[in-house]
**Student:** 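First the structure, which I've put down as structure tokens, then a few questions once you've had a look.
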Amino acid sequence: MKRRNFLKSTSAAVVTSTILPISTMAKNSSSVSTKKTKVAIVGTGSRGSQTWGKSLLAGFSKWVEVVGLCDINYKRVEYAKEFMGATNAKTYEAKDFDLMIKETQPDYVIVTTTDSFHVDYTVRAMELGVDAISEKPIATEVEQCQRILDTEYKTGRKVTVGFNMRFGNEAAEMKKILDSGELGRILSVDFQEYLDLNHGASYFRRWHGKNKYSGSLLVHKASHHFDLVNWLIDADPVEVQAMGKVAFYGSNNSFRGKNCRSCAFTDKCNFYWDITKSERMKDLYVKCEDVDGYFRDGCVWDNEIDSYDTSTTQVTYDNGTFLTYSQNTNLPYEGQYISFTGEKGRMDVRLYNRQPWEVKDPIEIRISKDTETTKIYTLNNSKGEHGGADDRVKALIFNPEVKDELNQRAGSRAGVLSSLIGIAARQSIETGKKVMIADLIHFPTTWEG
Ligand SMILES: NC(=O)c1ccc[n+]([C@@H]2O[C@H](COP(=O)([O-])OP(=O)(O)OC[C@H]3O[C@@H](n4cnc5c(N)ncnc54)[C@H](O)[C@@H]3O)[C@@H](O)[C@H]2O)c1
């Protein structure tokens with residue numbers, strides 16, 4: 001993978017904490033082919049207990065065993081173990097994370113906590129001699145990005161980032177077309193991300209609506225999309241400018257409550273949601289809320305919501321490509337519209353994720369070479385979570401026979417660059433100024449992330 005000179009500079013901050021190589025076993029592909037890879041999961045909420053928990057055990061137990069489960073909420077970690085079934089994993093509270101590593105000796109720590117805490121476990125796992133698999137975003141703040149790079153450099157451990165969006169059928173198709181060169185040099189990319197009133201609102205009911213936990217949807221959600229573009233056009237972001245506001249949710253309403261169950265306005269609120277109708281939601285969140293006070297059915301009109309629901313971001317890349325990215329969260333339908341304008345043609349990709357009208361296939365691709373020649377075709381999603389993407393991420397990590405032909409496995413460098421675009425966009429919104437990525441981060445000189 002290429003390394004861009006402008007981002008190469010001496011590592012500014014070197015981590016000073018003690019390195020305790022509890023697990024010193026080499027984690028190369030030959031070691032996973034002879035015995036099961038042991039994983040410990042920290043953050044046993046929805047993603048941790050399902051995608052990296054129950055589904056991992058269901059589809060990958062030939063290669064993987066879950067040895068430890070850890071969460072800040074002791075009730076949730078016990079429920080997660082029961083929900084996952086088929087595991088003898090030991091359970092731990094967050095304060096005993098080091099003990100879990102010592103007792104269970106995992107090959108990987110899978111980090112699926114609330115976004116802003118990813119860094120703590122990713123860094124600590126590496127300090128304890130263990131590689132980390134972090135859900136996206138790898139980090140929500142500049143300082144966190146630097147800590148991860150520096151720790152990886154110092155410890156020689158590795159971080160993998162769970163960018164499942166690289167693994168959808170449309171992503172692979174776009175990558176192959178762009179890499180073939182048939183569109184020539186890519187001059188600009190237009191990326192519209194739109195969430196419907198159900199999915200969009202769900203972010204503002206949860207911790208995702210507060211920047212201190214999610215880094216804003218420009219980091220939490222858009223890091224997926226920024227990574228996708230970085231990977232597809234194989235270029236590094238140089239400068240970022242953005243506009244954004246909380247234009248629809250948050251304080252944009254005359255009434256509000258603490259959460260839906262205790263609200264006085266259920267009759268007139270379009271976003272009233274009865275969490276008790278779902279057994280899974282009750283077990284995972286409602287029955288655990290006395291421990292941490294977290295309400296999964298929080299109010300979308302909470303005055304403290306500061307994650308922008310409406311934004312537009314411009315990125316300039318080191319190869320000269322421009323990206324225009326927009327994010328909206330209150331549409332009647334959901335999907336993405338991604339266009340690549342090249343010297344020799346244009347590719348338009350539309351994803352019809354959830355529409356009130358019938359759609360034959362959810363992925364539509366149009367390639368136009370000149371004013372007379374246009375080709376349009378559709379693709380379907382594969383079976384499984386996120387159109388089959390989640391299983392492909394896991395297969396690439398855990399099944400030694402799966403090869404990384406499209407360079408889909410993402411490391412810390414990809415994780416950091418995608419988070420930094422979102423963080424820079426946030427800074428640009430706050431200051432009204434353009435932000436240079438190179439001013440935010442120092443990549444260690446001889447390091448390969
Ligand atoms: N790649 C994807 O498609 C995808 C999809 C969903 C979620 N995610 C990511 O997965 C992660 C988890 O999301 P989720 O939907 O499961 O959220 P969630 O709220 O259901 O789960 C988060 C869990 O982290 C725990 N936690 C919070 N702070 C902690 C701390 N300091 N130490 C230990 N545990 C802590 C919570 O108790 C909870 O169990 C997020 O980073 C999110 O971005 C990725």
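Just follow the structure's listing: the first ligand is 1, and inside any ligand the first atom is 1.
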**Student:** Could you name the option among Tyr74, Tyr121, Trp207 that has the heavy atom nearest to atom 13 (O) of ligand 1?
**Tutor:**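 Selected option, by shortest heavy-atom distance: Trp207.
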
**Student:** Are any of the N/O atoms in Leu284 less than 3.5 Å from those in ligand 1?
**Tutor:**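 Between Leu284 and ligand 1, no N or O pair is found under 3.5 Å apart.
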
**Student:** Tell me the nearest of Glu135, Arg206, Gln50 to atom 9 (C) of ligand 1, using heavy-atom distances.
**Tutor:**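 Nearest heavy atom to atom 9 (C) of ligand 1 lies in Glu135.
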
**Student:** Between Trp357 and Tyr333, does the ring-ring contact (aromatic ring centres under 6.0 Å, His included) criterion hold? Intermediate values first, please.
**Tutor:** CA-CA 9 Å; Trp357 53 85; Tyr333 54 88; 5.3 Å; yes

**Student:** Classify the contact between Phe163 and ligand 1 as side chain, backbone, both or neither, using a heavy-atom distance cut-off of under 4.0 Å.
**Tutor:**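 Within the 4.0 Å criterion, Phe163 makes no contact with ligand 1.
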
**Student:** If the cut-off is 4.0 Å to any non-hydrogen atom of His220, which atoms of ligand 1 fall inside it?
**Tutor:**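 The atoms of ligand 1 under 4.0 Å from a heavy atom of His220 are 42 (C), 43 (O).
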
**Student:** Hey, is ligand 1 close enough to Gly45 that some N/O pair sits below 3.5 Å?
**Tutor:**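 The answer is yes, given that Gly45 and ligand 1 share an N or O pair closer than 3.5 Å.
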
**Student:** What verdict does the salt bridge (Lys or Arg N to Asp or Glu O under 4.0 Å) test give for Lys245 and Asp309, after you've listed the backbone C-alpha separation in whole Å, the side-chain angles of each residue and the deciding distance to 0.1 Å?
**Tutor:** CA-CA 6 Å; Lys245 55 182 165 178; Asp309 54 35; over 6 Å; no

**Student:** State the atoms of ligand 1, each with its element, that fall below the 4.0 Å cut-off from a heavy-atom position in His118.
**Tutor:**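 In order of number, 40 (C), 41 (O).
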
**Student:** For Tyr325 and Phe191, I'd like to know if the aromatic rings sit close, meaning centre-to-centre distance below 6.0 Å.
**Tutor:**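 Yes.
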
**Student:** Heavy-atom distances under 4.0 Å are what count here, so tell me which part of Thr44 touches ligand 1: side chain, backbone, both or neither.
**Tutor:**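 Only the backbone of Thr44 comes within reach of ligand 1.
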
**Student:** So His220 and Tyr203, ring-ring contact (aromatic ring centres under 6.0 Å, His included) or not? Walk me through it.
**Tutor:** CA-CA 10 Å; His220 169 81; Tyr203 287 99; 5.7 Å; yes

**Student:** Which residue supplies the protein heavy atom nearest to atom 25 (C) of ligand 1, what is that atom called, and how far is it?
**Tutor:**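 Protein heavy atom at minimum distance: Asp71 OD2, 3.2 Å.
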
**Student:** Any nitrogen or oxygen of Arg47, side chain or backbone, less than 3.5 Å from one on ligand 1?
**Tutor:**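 N/O-N/O distance under 3.5 Å: yes.
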
**Student:** Does ligand 1 have an atom that lies less than 4.0 angstrom from a heavy atom of His208?
**Tutor:**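 No.
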
**Student:** Please work out, at 4.0 Å between heavy atoms, whether the side chain, the backbone, both, or neither of His386 comes within that distance of ligand 1.
**Tutor:**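 The side chain, only.
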
**Student:** Looking only at protein heavy atoms, which one is nearest to atom 41 (O) of ligand 1, and what is the separation?
**Tutor:**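 Residue, atom and distance for the closest contact: Asp115 OD1, 2.5 Å.
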
**Student:** With distance as the sole criterion, is a donor-acceptor pair present between the side chains of Gln314 and Thr324 under 3.5 Å?
**Tutor:**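 Result is no, nothing qualifies.
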
**Student:** Hey, which atoms in ligand 1 end up nearer than 4.0 Å to a heavy atom of Ser46?
**Tutor:**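 The atoms of ligand 1 under 4.0 Å from a heavy atom of Ser46 are 15 (O), 16 (O), 20 (O).
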
**Student:** Step by step, would you call Tyr92 with Phe97 a ring-ring contact (aromatic ring centres under 6.0 Å, His included)?
**Tutor:** CA-CA 7 Å; Tyr92 298 85; Phe97 177 79; 9.3 Å; no

**Student:** Relative to ligand 1, is Lys136 under 4.0 angstrom through side chain, backbone, both or neither, heavy atoms considered?
**Tutor:**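 The answer is both, backbone and side chain.
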
**Student:** Write down the atom of Leu195, the atom of His199, and the distance for their closest heavy-atom approach.
**Tutor:**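 Heavy atoms only, the tightest pair is CD2-ND1, 3.5 Å.
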
**Student:** Check Thr113 against ligand 1 and report side chain, backbone, both or neither, counting heavy atoms closer than 4.0 Å.
**Tutor:**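 The answer is both.
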
**Student:** Name the closest protein heavy atom to atom 34 (N) of ligand 1, giving the residue it belongs to and the distance to 0.1 Å.
**Tutor:**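 For atom 34 (N) of ligand 1, the nearest protein heavy atom is Ile72 N, 3.3 Å.
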
**Student:** Parallel, tilted or perpendicular, judged at 30° and 60°: which one describes the rings of Tyr294 and Tyr285?
**Tutor:**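 Perpendicular.
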
**Student:** Please check if any side-chain donor atom of Gln336 sits under 3.5 Å from a side-chain acceptor atom of Glu193, or the reverse.
**Tutor:**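 A donor-acceptor contact under 3.5 Å links the two side chains.
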
**Student:** Can a donor-acceptor pair be found between the side chains of Glu65 and Ser61 at a distance below 3.5 Å?
**Tutor:**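 Side-chain D/A pair, Glu65 to Ser61: absent.
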
**Student:** If I apply the N/O under 3.5 Å rule, does Asn73 come out as touching ligand 1?
**Tutor:**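 No; every N/O pair is 3.5 Å or more apart.
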
**Student:** Give a yes or no on whether Glu304 atom CD has more than 12 heavy-atom contacts from other residues, nucleotides or ligands under 6.0 Å away.
**Tutor:**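 Atom CD in Glu304 is not packed in, count stays at 12 or less.
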
**Student:** Below 4.0 Å from any atom of ligand 1, is there a heavy atom belonging to Tyr285?
**Tutor:**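 Yes; Tyr285 lies near enough to ligand 1 that a heavy-atom distance drops under 4.0 Å.
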
**Student:** Using only heavy-atom distances, determine whether the side chains of Ser202 and Arg206 contain a donor-acceptor pair under 3.5 Å.
**Tutor:**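 Ser202 vs Arg206: donor-acceptor pair found between side chains.
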
**Student:** Under 4.0 Å, counting heavy atoms only: does His224 come that close to any atom of ligand 1?
**Tutor:**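 Flag set, His224 near ligand 1.
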
**Student:** Centroid separation under 6.0 Å, is that true for the rings of Tyr249 and Phe271?
**Tutor:**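 Phe271 vs Tyr249: aromatic centres under 6.0 Å.
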
**Student:** Got the closest protein heavy atom to atom 27 (C) of ligand 1, with its distance?
**Tutor:**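 Here the closest protein heavy atom is Thr114 OG1, 3.3 Å.
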
**Student:** Under a 3.5 Å cutoff, is there a donor and acceptor pairing between the side chains of Arg261 and Thr276?
**Tutor:**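 Arg261 vs Thr276: no donor-acceptor pair found between side chains.
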
**Student:** For atom 12 (C) of ligand 1, what's the nearest protein heavy-atom neighbour? Residue, atom name and distance, please.
**Tutor:**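 Answer, as residue, atom name and distance: Thr112 O, 3.2 Å.
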
**Student:** Give me the nearest non-hydrogen protein atom to atom 3 (O) of ligand 1 as residue plus atom name, then the distance to 0.1 Å.
**Tutor:**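 The protein heavy atom lying closest is Asn164 ND2, 2.9 Å.
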
**Student:** Can you report which non-hydrogen protein atom sits closest to atom 31 (N) of ligand 1, along with the distance?
**Tutor:**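 Ranked first by proximity to atom 31 (N) of ligand 1 is Phe117 CG, 3.5 Å.
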
